[in-house]
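Naming convention: chains lettered A, B, ... in sequence-line order (proteins, then strands); numbering from 1 in each chain. Keep in mind that the numbers below use all heavy atoms, side chains included, and drop hydrogens, waters and symmetry copies.
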Amino acid sequence: MTQPSPMIEVTNLDKYYGTFHALKNIDLTVHQGEKVVICGPSGSGKSTLIRCFNGLEWHNSGRLVIDGIEVYKDAKEIRELRQEVGMVFQQFNLFPHLTVLENLMIGPMKVRKITKTQAEETARNYLDRVHIPEQADKYPAQLSGGQQQRVAIARSLCMETRIMLFDEPTSALDPEMINEVLDVMVELADTGMTMVVVTHEMGFARKVADTMVFMEAGQIVEISPPEQFFTNPSSERCRLFLNQILEH
Amino acid sequence: MTQPSPMIEVTNLDKYYGTFHALKNIDLTVHQGEKVVICGPSGSGKSTLIRCFNGLEWHNSGRLVIDGIEVYKDAKEIRELRQEVGMVFQQFNLFPHLTVLENLMIGPMKVRKITKTQAEETARNYLDRVHIPEQADKYPAQLSGGQQQRVAIARSLCMETRIMLFDEPTSALDPEMINEVLDVMVELADTGMTMVVVTHEMGFARKVADTMVFMEAGQIVEISPPEQFFTNPSSERCRLFLNQILEH
Amino acid sequence: MQEFLRKIRWPDYVIVAVLITFFGYIWLSIEGTLNYKWRWELIPSYIVGWHSGREEYFANLLLQGLAATVRISIYSGILALILGTILGIARCSANLTIRMLARTYLEFLRNVPPVVVVFIFFFFLSQQLIDALNLERWARGIARQENNQIWTFFFGEMRRFPSLVSGVIVLALFESAFVGEIVRAGIQSIPKGQREAARSIGMSRMQELRYVVLPQAMKKVVPPLANQFISLIKDSSILSLISVQELTYKTVELVASSRMIFEAWITTAAFYFVVCFGLSRIFARLEKRSEKR
Amino acid sequence: QSATQELSSESVIETIKQDGVIRIGLSLFVPWSMRDKNGDLIGFELDVGRKLAEDMGVEVEFVPTAWDGIIPALVSGNFDVIISGMSVTAQRNLTINFTDPYAYSGLAILANKELTAGMAREDLNSSDVTFAARRGATPATVIAKAFPEANLLLFDEDGASTQEVLNGNAHATMASQPTPNREAGRNPETLVVLEGELFDPRGEAFGMRKGDPDAMNFFNNWIAQNWRSGWLEERHNYWFATEEWADQVAQ
Amino acid sequence: MTDLGISRGKGQSLPKPPFYKRFFGSVFVSVAIYAIIVGLIAYGSYVGAQGMGYNWQWYRVPQFLYRNTEIGFEWGEIPIGLVATIKLSVISFLLATAIGLLVALLRLSGLVIGTAVAVGFLELIRNIPLLVLLYLFYYVLGPIFGFDRYTASILTLAVFHSALISEILRAGINAVPTGQWEAAKSIGMTPYQTYRYIILPQSVRFMLPPMTGEVVHLIKSSAIVSVIAVAELTTFGRNIISDTYMSFEIWFTIALVYLVVTLILSIGVSYLEKKYAVDQ
Ligand SMILES: Nc1ncnc2c1ncn2[C@@H]1O[C@H](COP(=O)(O)OP(=O)(O)OP(=O)(O)O)[C@@H](O)[C@H]1O
Ligand SMILES: Nc1ncnc2c1ncn2[C@@H]1O[C@H](COP(=O)(O)OP(=O)(O)OP(=O)(O)O)[C@@H](O)[C@H]1O
Ligand SMILES: [Mg+2]
Ligand SMILES: [Mg+2]
């Protein structure tokens, strides 16, 4: 694998919630076009880490460089950063008072200040990409979970971001709907988007991941390519975790 | 397979929620010691069906005979029925204001009117059986999900019921905890308890089920032994569902 | 301090300026245009005074009123709790008749102004009740006795006992509606799963209520009940309209006798504030502590 | 039992004798009744009530009641009689009975000393003079009738009109005695009560529930006696004309 | 597989619920019993009061609702009072909303002194009885700022309810899930844009029902200004009573008028609540 320019560089990052040490000395580099899958037990800090990547949480020390720009706590800078970094949440977080189309258009129109027609064109384009062009005029509450999550992905894509973060995008879904979302994510991966995904869907990880990251108790315990990660993880804790997950 | 006396007999059962036809013409017999696993897509009526079995819901027409007694909507009789039929819920539903031990003892003491010492003895006995004797004095909120669900199972067992119903007992659990609950259920199955389990854990189903039931849209689409169910289901819908579930 | 000053931003200064102007204006108009003669020095003697006849310290009007307010609040709080719990359970009853009766009572009380409710209850209910029980004679009998200190401690001046009783009844009836709603909300906030679990181990409806629902509901109900108690203390001031001798009424009397309008009302407001605010702090702290446990 | 016997056994006089106590309803109004520095009730009514009880040979119990609830409270039996400086009006009389008056008080003029220096009562009827009064109250109508030439400022409060006179914004106001006397006593350097006959004097009487001739007879006779003996007048003078009691109260 | 006939051998079919249970359980019977009980209570108190010598004069009540004089039709005191009450309430409510918005914004502003002032104001208002507040405004602040009883009542009601309204507004804003803030942030919106396009449109839904409830509350508390004789429904009621001494009849009529008005509004509230719950 050649190594293009790094999109996310984390060095020595620490993060506290009050006195609770949530992230301990994290080092991680994500290159352009790379797909990173993060897994680990509940409470290990996976969400906290990727929320740092688009400034929803602030690190207390260490360096975090996104696309060549170091992230500080500055309202204006961080807003620009967020336009480069899309995020898909476990709970979808669609805007319930707007239709699907409006959900997709509001970001480009209000933040990027593009015209309504242009925004609508982009929105319909991405709705196609997530395979639900026919739902454009419904409200989020009228959609199934899987459809909602695909809208959420499209909403991020509409901002034409260069990096996409996913925080357990399928764990709030019924088993039957997990696939349709994962399929969209696989397609997205094929376009060459830089992706950081927190998930326990190991089938998906096997298919798309360039790098697997295993976290525990706020630390990164293992970073390795998927072949090695699934067959021969270097840490005992990671092996146990995989067994638990894959058994049933 | 010999056919001992039937514990649950459902004939021609229909159930409406208002005008919504939730169960349509259900026929099912569960014999003593038999393990039945029910699966099917969300909203297909699985919960509704087993909730009829211990009178949490009322059928509108048809016959439902539990252990030889036909079930009508009569508060007193149904209470006796419930002492024969235990139920384990998806959300555990432990009593949060009581310790684990008190959770186990309150039923036998207040309903069966046995003495405190006796109740405690039974309770400790069943806590052993679910492998958490050391948690007796904690409150439910202090336990992990898996431990809570095992307490819930023990609580049902303490009533010395003859039939146990499980409604997706593992679906609210973190992946790591599913196993410990399933293990307890497998052990329970080995004791010869009559069990009706709604679950999507097909590994478990393969291991213990005598009969697999597949429901869709309020109807039983398929009843067959597990060998046939997993390898060669007779209905197309069922096959599709299994594919969905087993893929990842 | 440095830290604090650093956090202050320009709108803060605007706010401070507005406040200073406001209070400055009040001060100027009292001192300048109104010619009002402050007599704050008299207020303490109306709280605890030196009795010129009996030659001893005694609780004067304001403190008497405060004591009466506290008594009334406690007694009607207890009564309202009992009535309200019954009402709340009735609201969740399986029987439609009981539910509708409870609902009627409640809607009446919640949709009619407290002032109107107080007058209606006073003239219709409590006076009749007092007459029927012959409370007046009984209370006077006690007031004439030599050793009535205990009675006086609990109920104040025994000759005014009937007025205390009607105050307590009126207030309790009025507040019971709100307590009832709190209890009902508490009962209904218990997840359906809890009732189902109770039922599926064979409990009867009573057992379900007694061992599963009420114990949990009680815990949830305590904080809103505490707040309701504070409301009750405040609402008790309305009783002054039916001449119950509590703090507000005593203040009216004091103002009528001494014309210390400003001082008396400010003092009374401060009394209510201290009692209510103090209680709300205490309740908040207790709640936090019980949460920790 | 004959009808008359029945009537007299239902009289409030009977219950007073039975209970050994007379309950008197009153509402605080200086100097009819007020709280002294000890928080005890004093005033003209209290003297009247105590003497009445003493003459009847029973205890006395005063029931302080808000003014606008005093008649309903009497009707519903909270006390036996109202002795609270209540003047006799036709409207009130439709609902309760009144005895013969036991006191007479009327309106007096309270003037600013400086502004009205050297003026007689008649001089006030001029367009240079400004009166202050409470909107809708009797004084306002009386002023308009007695001093048609003068200006009249209307306020919502009794206190407000006094304050206006005190501040020199109005020459005079009118109020029922003894308020003017007291105000003048409190501010002797600025305020003065103009000499002369009281305006519109009305009688104040005891109020009773209807249909009780026995009590009516008893109270009327008691009032007549004490009027003749001069006791009522003496007490009235003490409370209304003098300031001897002023140091008992924080005025 | 199974013979249904045999299964009867062990357990007899259970009897249906007994007749009396089904009888008392039915809606019609329940409503009938309810009506009987309410009727008995009403009749009992009527006869009871009469027995105590109270002289019911309901026939005198209609003249206070309307009159047909020579001049023509004329509204009575009670409808006039009701209009006054509503006017008083509406003015107070508008003022209260303005003050409440100011206080809520101060609290959410993050300003050090601003927040402290807002909290101080809220605690002060919340811990003083409305009646005492009214006396403070009328007797203490009235002369200072030179306002009359009507202004004093409006200010009292507005200030008292502004504390409650500011809490409603704040709760409405806080009721929008944090996920919405995060989603808006993560597509790069500014705080102002987030408020404008995401938070406020959603929080209106949370605020509308309690705000309507607050109107009902305000109408009820407006009755207290009768204490300082401001012309409104309760004051007129008390005036009528002091003229006619028909306390029972008039109080019941007044209560009924309030009940009708507030019930209509309450029904409106629950309609709003349902409507917005469905949209959700
Ligand atoms: N806002 C917060 N304040 C305090 N502690 C927090 C906060 N958010 C998270 N934590 C704590 O930080 C730790 C890491 O949380 P995080 O959400 O990153 O875990 P996670 O790996 O995403 O877990 P999960 O799989 O359950 O989502 C947890 O112990 C959590 O309790
Ligand atoms: N109390 C109720 N009132 C009205 N409809 C209901 C009620 N309970 C369930 N339903 C409807 O009945 C149908 C069957 O519900 P049920 O809970 O039995 O499904 P399920 O198979 O258990 O689904 P899941 O896997 O999601 O638990 C669903 O469409 C549901 O919406
Ligand atoms: Mg997480
Ligand atoms: Mg279910």
Novice: Apply side-chain contact (heavy atoms from CB on, under 4.5 Å) to the pair C:Phe108 and E:Leu259, showing each step before the final yes or no.
Specialist: CA-CA 7 Å; C:Phe108 175 77; E:Leu259 201 61; 4.3 Å; yes
Novice: Just how far is it from atom OG of C:Ser237 to atom OH of E:Tyr135, taken to the nearest 0.5 Å?
Specialist: 8.5 Å
Novice: Need one label for E:Val227: side chain, backbone, both or neither, based on atoms under 4.5 Å from any heavy atom in chain C.
Specialist: side chain
Novice: Would you mind checking which part of E:Val27 comes under 4.5 Å of any heavy atom in chain C, side chain (CB onward), backbone (N, CA, C, O), both or neither?
Specialist: both
Novice: Can you tell me which portion of C:Leu241 sits under 4.5 Å from chain E's heavy atoms? Options are side chain, backbone, both or neither.
Specialist: side chain
Novice: Testing the basics here: between E:Leu136 and C:Ala269, what is the closest heavy-atom pair and its distance to 0.1 Å?
Specialist: CD1-CB, 3.6 Å
Novice: Looking only at non-hydrogen atoms, find the nearest pair between C:Val115 and E:Ile224 and report the distance.
Specialist: CG2-CA, 3.7 Å
Novice: Identify which part of C:Thr248 has an atom lying under 4.5 Å from any heavy atom of chain E, answering side chain, backbone, both or neither.
Specialist: side chain
Novice: Please report the shortest heavy-atom distance between C:Asp12 and E:Val112, naming the atom on each side.
Specialist: OD2-N, 3.5 Å
Novice: Is C:Arg103 close to chain E through its backbone or its side chain, or both, or neither, when contacts mean heavy atoms under 4.5 Å?
Specialist: neither
Novice: Distance from C:Asn111 atom CG to E:Tyr258 atom OH, nearest 0.5 Å?
Specialist: 12.5 Å
Novice: In Å and rounded to the nearest 0.5 Å, what is the CZ to CH2 distance from C:Phe121 to E:Trp251?
Specialist: 13.5 Å
Novice: Please find out if less than 6.0 Å separates the ring center of C:Phe22 from that of E:Phe145.
Specialist: yes
Novice: Applying side-chain contact (heavy atoms from CB on, under 4.5 Å), can you list everything that pairs with C:Thr97, at least two apart in sequence or on another chain?
Specialist: C:Asn95, C:Leu101, E:Ser30, E:Ile33, E:Tyr34, E:Ile37
Novice: Which region of E:Leu233, side chain (C-beta onward) or backbone (N, CA, C, O), has a non-hydrogen atom less than 4.5 Å from a non-hydrogen atom of chain C, or is it both or neither?
Specialist: neither
Novice: Pick whichever of C:Ile230, C:Thr104, C:Val14 has the most heavy-atom pairs under 4.5 Å with chain E.
Specialist: C:Thr104
Novice: Which atoms of C:Ser236 are under 4.5 Å from chain E, going by heavy atoms: the side chain, the backbone, both sets, or neither?
Specialist: neither
Novice: If you measure from OH on C:Tyr13 to CG on E:Leu111, what distance do you get to the nearest 0.5 Å?
Specialist: 11.5 Å
Novice: Measuring from C:Leu19:CG to E:Phe121:CZ, what's the distance to the nearest 0.5 Å?
Specialist: 11.0 Å
Novice: Might you point out which heavy atoms bring C:Phe262 and E:Tyr139 nearest each other, and give the distance in Å?
Specialist: CE1-O, 3.1 Å
Novice: Enumerate donor-acceptor pairs with a distance under 3.5 Å from any side-chain N or O in residues 123-132 of chain E to protein atoms, sequence neighbours excluded.
Specialist:
residue	atom	partner	partner atom	Å
E:Glu123	OE1	E:Asn127	ND2	3.2
E:Asn127	ND2	E:Glu123	O	2.9

Novice: For C:Ile266, which atoms come within 4.5 Å of any heavy atom of chain E: side chain, backbone, both, or neither?
Specialist: both
Novice: Would you indicate whether the side-chain heavy atoms of C:Ile15 and E:Leu106 approach each other to under 4.5 Å?
Specialist: yes
Novice: Is it true that, when you exclude C:Trp40 itself, more than 12 heavy atoms of the residues, nucleotides or ligands shown sit nearer than 6.0 Å to its CH2?
Specialist: yes
Novice: Just so I know, are the side chains of E:Leu263 and C:Glu107 near enough to count as touching, which here means a heavy-atom distance under 4.5 Å?
Specialist: yes
